[in-house]
Amino acid sequence: MKTKSASAWSASQSEDLYGFKRWGSNHFSVDSDGFVQVQPLADGRSIRVMDVVDESVGMGLKAPLVIRFQDKLRHRVMQLNEAFAKAIKEEGYKGAYRGVFPIKVNQLREVVDEVVAAGKDYNYGLEAGSKPELMIALAMHEGAQRLIICNGYKDDDYMRLALLGRKLGKKIIIVIEQLSEIDSVIRISRETGVKPLIGFRVKLQTRGEGKWSSSTGDNAKFGLNTAEILFAVEKLRAAKMQACLRLVHFHIGSQVPNIITIKAAVTEAARFYCQLAKMGFPMGYLDVGGGLGVDYDGSRTNFESSMNYTLGEYARDVISNVREICTAASVTMPDIVSESGRAVAAPHSMLVVEVFERINKRESLGKQHQPKSKHQIVTDLEVLLKNKAKLGRLERYHDALQKKEEAFSLFNLGYLDLENRAAAEQLFWQICEQIDKEGNKSGYQPEELHDLKRLLADQYVCNFSVFQSLLDSWALKQLFPVSPLHRLKEKPTVNAILVDITCDSDGKISSFIDLQDQKDYLTLHPLKKGQSYYLGIYLTGAYQDIMGDIHNLFGRVNEVHVFLEDDEPNGYYIEEALAGSRVADVIEGVQYQWEELCRRVKQQVDHATRKDLVKPREGVRLVEFYESQMLAKTYLNIVPHNGRKKK
Ligand SMILES: *Cc1c(COP(=O)(O)O)cnc(C)c1O
């Protein structure tokens, strides 16, 4: 048993192992006591994440828990705007930056509130991609100089809402994404007597890299191709609405890993812009959409979960490319709009999950099941394990694989009993472990044995649902940084993957960030009896909470919103605490009434009582218990296990 080997490990080794310095961009580190700390403003003031977890637990908000660092969100809005301001200054650019926050990235009121407040001095606006989002934007937006950009499919009422915004004096721009929309905007403008501001979304030929590369090109869902732009132009002219055309828009997809794609797309769009300006339209804005990446793995590469550029470089490349093309074409430089959502929102929140069980293949197969009469195949495997013949690692691995397959065949044919099968499996894993250990020592592992680490990894069962809280990990195989939140001065010794509590075998995280490519396991600490073990999953502020579904009816997790506060003992305070879903909430979401369910169960208990299957007193208790669970949280109610015996 390893109890003393936790020595000779430091907080900085943990920082290195989990990559804090690489993906955390000065916001995450490990303190000298081995706890993860966050510096929301990267100004030296830090918050120990476990303090927030402990306080939340004290308030009845156990993990799974989303923590939002509101200052961090503010910080990102400022960084984005300052980066463009700096680029504009350095490049001698003649236009302004008028960014907008795409609401779809995180619609939560506190998020939008914070973004709007943080963007005040920068005239930072909002972007809506649907009618409900436009409803939010109209109400939350303030200031006559800040834009509202309207994207997505639009029906007549969507157009009317946008024109309502115009009446209120808002700079609200309707981006035409389909040719049919130009007809309806002209019609509704006539109907309401309001002149819209119009943009064209162009379908670029520039193709991105990464998971969202199909957002451009001929088959893209949105945007006008060249011929359609010319049609739309004629229609505007015919309706005497030339003066309404103000913006060219493109969006090449999210998380663009390669700056080359961005340069090319900006160049192509700037050409469209100049052509339209030269045709006599007033124009004024070039909207470069979203796509600004987040370096989830910290590798600074054009790998899908990374990006090979910085925010500063992005801003400079956008500004300088537009400047060059406008200058060459003698067109006045437009104000630049960008719709960066992921890059603004992702860093501000994290998910905390609690591990409550470790499943080890070899241990779970158990040593106790010694076969009464040992089959030859088991003896063969024992010989392999002892390895008196001094076979090499690969040869031993191949032999072990062969014997294991043989054992399964024998079992299927009825020649191997359960005890012998268990023993064979157990020996196989022991041999694999042995081979893997030897590989660690020698430093070189043949290609074929690389899989061993993955095969041997334990499962850490965590109280959360990937489908609710980390959908992109499941749907898109997107990587997120993960680490323990404490015990970081102890050497982690267990290679593990994370599995969730949904009854779906897909509900797991089995790919982790690595400098080279990705890793199939994460090295964690052994669980300690009676002690909670918490993991943080970082950079989850964009898309994750809102896209989650209620698979298995797990529903929303607890959530706290944290602000820096120098006067507080731990340097922060929890401004808002939102309790996660209760059983009754998710049940009502799928059309049951909880009172009705309680009534039905009570009827059945009454019936059972009459038949004497249940004693009356017990019956009352059962009904009360059922009713009380309606108000319970949906996730597991974990009590750290105290040397509890396994069956
Ligand atoms: C989703 C979306 C965005 C946001 O993209 P990010 O990559 O998150 O910055 C911006 N604009 C449009 C039109 C979108 O659909």
Side-chain angles (χ1 to χ4, degrees), residues 73 76-77 79-81 83-84 97-108 111-112 115 119 124-134 137 147-154 158 173-178 181 199-204 208-216 220-224 247-259 261-262 265-266 269 285-296 304-307 309 311 314-315 318 336-349 471-472 475-476 478 480 539-547:
L73 188 56
R76 282 306 283 170
V77 171
Q79 279 183 316
L80 175 70
N81 281 280
F84 271 97
Y97 174 66
R98 288 278 179 273
V100 290
F101 177 72
I103 295 178
K104 76 154 190 252
V105 175
N106 198 320
Q107 296 97 334
L108 190 76
V111 170
V112 174
V115 167
Y124 187 61
L126 294 170
E127 186 263 3
S130 66
K131 205 167 13 177
E133 287 179 3
L134 180 56
L147 297 176
I148 297 180
I149 302 283
C150 301
N151 290 321
Y153 288 101
K154 304 170 194 74
Y158 187 128
I173 302 181
I174 300 175
V175 176
I176 303 298
E177 316 230 25
Q178 323 281 339
E181 288 178 2
F200 286 164
R201 175 160 178 176
V202 296
K203 218 176 237 180
L204 297 185
E209 282 172 47
K211 297 183 192 293
W212 285 269
S213 58
S214 59
S215 306
T216 53
K221 223 169 102 182
F222 291 114
L224 306 175
L247 173 143
V248 164
H249 173 278
F250 73 88
H251 174 64
I252 46 172
S254 205
Q255 185 66 17
V256 176
N258 197 340
I259 189 70
T261 316
I262 288 164
V266 168
Y285 299 100
L286 176 61
D287 183 344
V288 301
L292 175 57
V294 167
D295 195 359
Y296 292 97
E304 281 175 347
S305 294
S306 185
M307 59 199 272
Y309 53 95
L311 171 58
Y314 173 83
V318 169
I336 299 294
V337 181
S338 85
E339 305 174 345
S340 308
R342 178 187 300 276
V344 168
H348 90 279
S349 91
L471 197 71
D472 284 348
L476 297 159
Q478 197 201 298
F480 292 90
L539 309 180
T540 58
Y543 301 108
Q544 301 319 297
D545 352 73
I546 204 66
M547 303 234 286

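Numbering of ligands and ligand atoms starts at 1, following listing order. Heads up: numbering here begins at 1 and tracks the sequence.
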Check your understanding: Considering only heavy atoms from C-beta outward, does the side chain of V105 approach that of V344 to under 4.5 Å?
Key -> no

Exercise for review: Decide yes or no for F222 and Q178: does some side-chain heavy atom of the first lie under 4.5 Å from some side-chain heavy atom of the second?
Suggested key: yes

Exercise for review: Please examine the side chains of R342 and Y543, heavy atoms only from C-beta on, and report whether any two atoms are closer than 4.5 Å.
Suggested key: yes

**Study point:** Gap between atom CD of E133 and atom OH of Y158 - 0.5 Å precision
**Key:** 8.0 Å

Study note, to complete from the structure: The side chain to side chain donor-acceptor pair (under 3.5 Å) partners of D472 (sequence neighbours excluded) come to Q544

**Study point:** Per-ligand residue contacts, ligand 1, heavy-atom threshold under 4.0 Å
**Key:** P102, K104, V105, E127, N151, R201, H251, S254, Q255, G290, G291, E339, S340, G341, R342, Y543

Check your understanding: Heavy atoms, side chains only, cut-off 4.5 Å: are L292 and Y309 in contact?
Key -> yes

